[in-house]
Each structure stands twice: as structure tokens, then as C-alpha cells.
Participant: 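After the C-alpha cells below, expect a handful of questions from me.
In what follows, chains carry the letters A, B, and so on, assigned in the order in which the sequence lines appear, proteins first and then strands, with residues in each chain numbered from 1. Values in this document were obtained by computation on a predicted structure and should not be read as measured data.
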2 protein chains.
Amino acid sequence: MTLIKESSTIQENKSQAFVACPVTFVMEKIGGYWKPIILFNLLSGSKRYSELKKSIPAITEKVLIQQLKQLEGDGLLIRKSKPVVPPYVTYELSKSGKALHPVLYAMAEWAVGNSGKLSKTFSKQMKDFPL
Amino acid sequence: MTLIKESSTIQENKSQAFVACPVTFVMEKIGGYWKPIILFNLLSGSKRYSELKKSIPAITEKVLIQQLKQLEGDGLLIRKSKPVVPPYVTYELSKSGKALHPVLYAMAEWAVGNSGKLSKTFSKQMKDFPL
DNA sequence: TAGTATACACACTTTAGGGTAAGTACTTGT
DNA sequence: ACAAGTACTTACCCTAAAGTGTGTATACTA
């Protein structure tokens, strides 16, 4: 995790917007490209690290843990590990993580309605959407 | 606008996730850091370029137009310009842009409920939330 | 005549995020 | 003896996003 330069204008700009706009606050937490996908995959319940990997084949291991750590740090999910060999680690949504359900759901609904050709694919996914 | 290298693994990864996950589809459209904020500011109605700039002081001009162009390109908003001097350009949400309202609203609600100290600030903003 | 306002455009630099590849520790299966 | 599985970690590199600064056309105003 590379440190953030204090003089970074980007960060200053972000923190400006951050206090002013609730939507930006959300983007700070789940704005990373993979985060919504990870949360989406955890909506259906707790999963092992390896299960997540299988669910999201396109993500690399480094990025997956990186994002998981950040989400954990932001209190959106909870990591549970059993002290066994081989390791057994599960991730599940925290209370505020679960509270994101309406957001993810609204996103998915919008995708279904506004994706044109893809809508059929998405509609299938929506059938499995955990309500 | 720099061209995207076809061999880019990132893009391949993204397009993989893109077809598989509705949430990712949404992130493709509004995933940029500033896009939700811009959309949020346009929810209340059409605005001139300069008004947007004032509403979002932290964004630079370059990034603002860049994002506006992308949003326009993705069909989320409509640009209208009057052929006068000085120029008079307004931006407003398109139909699918307006359809994002539930998403933005869900985000804002989540922010109000999960921001701790900031919740008061956000609650004030929510009073002005265009329903 | 110089200044102001508007909505950009362009070139250049910085930064954060993400990708690649390799390694670790320990046990179980062949 | 050796590979395989598990959940990571580390070091290095590349790219896309974002920031900085300057320029432009035109009309109105002081």
C-alpha cells in the first residue's frame, strides 16, 4: 500500500467534494472498479477467499486481497479466519455492507433497463439477486 | 482522449466482468470519480456549464468537460448550445440519466446512515434531494 | 483600447490504481 | 519425493485518470 503524498492535489480535491456531497462519500468507499462486484458477490452470503476468486475470474489475486483489505478497513465487510492448515478464511458483509443492498440493487435494475443487447443476460442474473 | 491499446489486459479483464455483472456495467458508465457528483448536481434540472463549475468547485475545468463529454457519449445527458456570444451551453439528464435517480438516491441514503459525524451535513443535503 | 465573460482545446506532468510474476508456510494426497 | 491447495505478500512496472497551465473566438462594457 503506497502512501499518499500529503501535497497531493487530487486528494485535497476529493476531500473537498467528500464533505459536500453524499454521493461522493459513497464513491470513496465503493468507487474502486472491483469493489461493487465483490460486494455484489457477497450479497448472497459469506464466502471463502477461494470462492470469491472463482466467482470473479478476471480479478488478480493481488487486487482481490487489496480490495478486500480496503473494504474491511472501511468496515464494509468482516474477515474471519480459522487457525488451521490449509488456511480457512471467509468474508462476509458487515451491517453497513449489507445496507448497500439497495444501492447495488438499484444499479442492477438500471443496468437491466438501460443495457440494450445485454439486458437479457442481466435479467438472468437478476433472478438470482438476493432480496 | 488517448486511444485504448487493444492488447490491454485491463480492458480485457474489464470487458469480461462487464458482460457478467450488471453492477460492473453501471460502473462502466458512472464509475468515474466525478460522474456521480455531476449527475447528482443535474438531478435538480438542467444547468449551464458555468453553473456546474460553481456547484462543484473542486473539479478542474478539463476534467469537467471530459466527464461531460463521456456522459454525453454514453447517452446519460444532453448538451444544448445556443449559437450566441458569449456561448450559452446547458446540460441536462437524458431519459436513462434520469433513470439513475434511484441509484443516486440509494447512495445518498446510505451515506446519511453510514457516515457517522457527517450524517448531519448530509441530512441537510437530503432535504433538497429532488424526488 | 483594454478587460471580462463563456465554453471549451491542447500539451505536458503527476498520481493512484491495477497488472505480472514470483515466493511463503504448512499440510495432505500420490 | 514431489506436486497441489490455501491465503496471502512482495517487488517492480505500466497505464488511465486527473491536475497544471496556457490559448482561442467573439461580443459587450468601461
Participant: How many Å lie between OH on B/Tyr88 and C1' on D/dC28, as a whole number?
Facilitator: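 So the two atoms are 17 Å apart, to the nearest Å.
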
Participant: Any side-chain N or O of A/Arg48 below 4.0 angstrom from OP1/OP2 of D/dA7?
Facilitator: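 For D/dA7, OP1 or OP2 has a side-chain N or O of A/Arg48 closer than 4.0 Å.
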
Participant: Assign each of A/Glu61 and B/Leu68 to its nearest nucleotide of DNA chain C by heavy atoms, then name whichever residue's nucleotide is nearer the 5' end.
Facilitator: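 Between the two, 5'-proximity favours B/Leu68.
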
Participant: C/dC8, OP1 or OP2 - any side-chain N/O from B/Gln66 closer than 4.0 Å?
Facilitator: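 Indeed not, no polar side-chain atom of B/Gln66 lies that close.
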
Participant: Test B/Ile78 against B/Glu72 for side chain to side chain contact (heavy atoms under 4.5 Å, CB included), laying out the working first.
Facilitator: CA-CA 6 Å; B/Ile78 297 157; B/Glu72 192 196 356; over 6 Å; no

Participant: Of all the choices, C/dA7, C/dG18, D/dC8, which nucleotide is nearest to the side chain of B/Ser50 once you look at every atom?
Facilitator: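 For the B/Ser50 side chain, the nearest candidate turns out to be C/dA7.
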
Participant: With a non-hydrogen cut-off below 4.0 angstrom, is A/Glu51 in contact with a base, only sugar-phosphate, or nothing?
Facilitator: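 Nothing, no heavy atom under 4.0 Å.
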
Participant: With nearest nucleotide decided by heavy atoms, which residue, A/Pro86 or A/Lys62, maps closer to the 5′ end of DNA chain D?
Facilitator: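 By nearest-heavy-atom nucleotide position, the 5'-most residue is A/Pro86.
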
Participant: Between atom CD in A/Glu72 and atom P in D/dA7, what is the gap in whole Å?
Facilitator: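 So the CD-P distance, A/Glu72 to D/dA7, works out to 15 Å.
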
Participant: Take atom NZ of A/Lys82 and atom C1' of D/dC8, then tell me their distance rounded to the nearest Å.
Facilitator: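 So the two atoms are 18 Å apart, to the nearest Å.
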
Participant: Take the protein atom NZ of A/Lys53 and the nucleotide atom P of D/dA4, then report the distance between them rounded to whole Å.
Facilitator: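 To the nearest whole Å, that distance equals 14 Å.
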
Participant: Can you tell me if the side-chain N/O atoms of B/Gln67 get under 4.0 Å from OP1 or OP2 in D/dA18?
Facilitator: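 The answer is yes; a side-chain N or O of B/Gln67 sits under 4.0 Å from OP1 or OP2.
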
Participant: Take atom CG of B/Leu64 and atom C1' of C/dA7, then tell me their distance rounded to the nearest Å.
Facilitator: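 Going from CG in B/Leu64 over to C1' in C/dA7 covers 10 Å.
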
Participant: Are OP1 or OP2 of C/dG18 and a side-chain N or O of A/Thr60 less than 4.0 angstrom apart?
Facilitator: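 No, because none of the side-chain N or O atoms of A/Thr60 sits under 4.0 Å from OP1 or OP2 of C/dG18.
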
Participant: Nearest heavy-atom pair of B/Ala111 and A/Pro22: which atoms, and what distance?
Facilitator: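 Heavy-atom minimum between the residues: CB-O, 3.5 Å.
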
Participant: Between atom CD1 in B/Ile56 and atom C1' in D/dG19, what is the gap in whole Å?
Facilitator: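 Spelled out: CD1 on B/Ile56 to C1' on D/dG19 is 16 Å.
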
Participant: Roughly how far, to the nearest 0.5 Å, is NZ of B/Lys127 from OG of B/Ser123?
Facilitator: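 So the gap between those two atoms works out to 9.0 Å.
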
Participant: Starting the side chain at C-beta, find the nucleotide from C/dC8, D/dT9, D/dA18 nearest to B/Lys69.
Facilitator: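 Of C/dC8, D/dT9, D/dA18, C/dC8 is nearest to the side chain of B/Lys69.
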
Participant: What pair of heavy atoms forms the shortest contact from A/Leu52 to A/Leu68, and how long is it?
Facilitator: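 Closest pair (atom of A/Leu52, atom of A/Leu68, distance): CD1-CD2, 4.0 Å.
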
Participant: Which whole-number value in Å describes the distance from A/Ile59 CD1 to C/dG17 P?
Facilitator: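 It is 14 Å, rounded to the nearest whole Å.
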
Participant: Can you check whether A/Arg79 has a side-chain N or O nearer than 4.0 Å to OP1 or OP2 of D/dC8?
Facilitator: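 For A/Arg79, the contact criterion (side-chain N or O under 4.0 Å from OP1 or OP2 of D/dC8) is met.
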
Participant: B/Tyr91 side chain N/O closer than 4.0 Å to the phosphate oxygens (OP1, OP2) of C/dC8?
Facilitator: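 Answer yes for this pair, as a side-chain N or O of B/Tyr91 is under 4.0 Å from OP1 or OP2.
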
Participant: Going only through I, L, V, M, F, W and Y residues with side-chain contacts under 4.5 Å, is there a path from A/Leu64 to A/Tyr88?
Facilitator: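 No.
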
Participant: Pick the nucleotide of DNA chain D nearest each of A/Ile65 and A/Pro87; which residue has the one closer to the 5' end?
Facilitator: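 Comparing both residues, the 5'-ward one is A/Pro87.
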
